Amino acid sequence: IAHYHAVFNAIGKYETRDAAKTLIRIGMVYVSTGQPDKALAYFGQALPRFRQLNDFAGEAAALTNIGLLHHATGQLDKALSCFEQALPLC
């Protein structure tokens, strides 16, 4: 995780796909270590960056990851909303 944080600190100030993808990667590390709240925060930071870049695949990935976390925590309405937003982007 320290490596990804270092990468993001170096490129995060730029609105690039690499910065947004790094946020997704950090979120995935937090998912894999059982820290869904931290993961959700990073996925949530990535989403507007992908939207600003008109990166539909990245936006769909962020929404899907957010939806999966909501599903895992029993927030089914929020999960469904994320999945419905992601679907037309694929």
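Numbering of residues begins at 1 and proceeds along the displayed sequence. Small disclaimer: the values here were computed from a predicted structure and weren't measured.
- Each of Leu68 and Leu76 belongs to its own hydrophobic cluster when Ile, Leu, Val, Met, Phe, Trp and Tyr are linked at side-chain heavy-atom distances under 4.5 angstrom.
- Taking every heavy atom of both residues into account, Ala20 and Ala46 meet most closely at O-CB, 3.7 Å.
- Hydrophobic clustering (side-chain heavy atoms under 4.5 Å, transitive across Ile, Leu, Val, Met, Phe, Trp, Tyr) keeps Leu47 apart from Tyr30.
- Atom OG1 in Thr64 sits 10.5 Å away from atom CD in Gln85 (nearest 0.5 Å).
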For side chain to side chain contact (heavy atoms under 4.5 Å, CB included), just list the numbers for Ile24 and Phe50, CA-CA rounded to whole Å, side-chain angles, deciding distance to a tenth of an Å, and then say yes or no. CA-CA 11 Å; Ile24 292 291; Phe50 284 125; 3.7 Å; yes
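- Considering only heavy atoms from C-beta on, Leu23 comes within 4.5 Å of Arg49 through its side chain.
- Taking the side chain as every heavy atom from C-beta outward, Asn54 and Glu59 never approach each other to under 4.5 Å.
- Taking every heavy atom of both residues into account, Gly27 and Ala39 meet most closely at O-CB, 3.2 Å.
- Side-chain contact between Leu63 and Phe43 is absent, with no heavy-atom pair separated by less than 4.5 Å.
- Residues Ala79 and Gly67 come closest through the heavy atom pair CB-O, 3.3 Å.
- No donor-acceptor pair under 3.5 Å is formed between the side chain of Ser81 and the backbone N or O of Asp77.
- The side-chain heavy atoms of His70 and Leu40, taken from C-beta on, include a pair separated by under 4.5 Å.
- Under the 4.5 Å side-chain heavy-atom criterion for grouping Ile, Leu, Val, Met, Phe, Trp and Tyr, Met28 is connected to Leu69 within one hydrophobic cluster.
- Residues Tyr42 and Val29 are not in side-chain contact: their nearest non-hydrogen atoms beyond the backbone lie 4.5 Å or more apart.
- Side-chain contact between Lys21 and Arg25: present, with at least one pair of heavy atoms (C-beta onward) separated by less than 4.5 Å.
- Atom-to-atom distance recorded for Thr22:OG1 and Arg17:CZ is 13.5 Å, nearest 0.5 angstrom.
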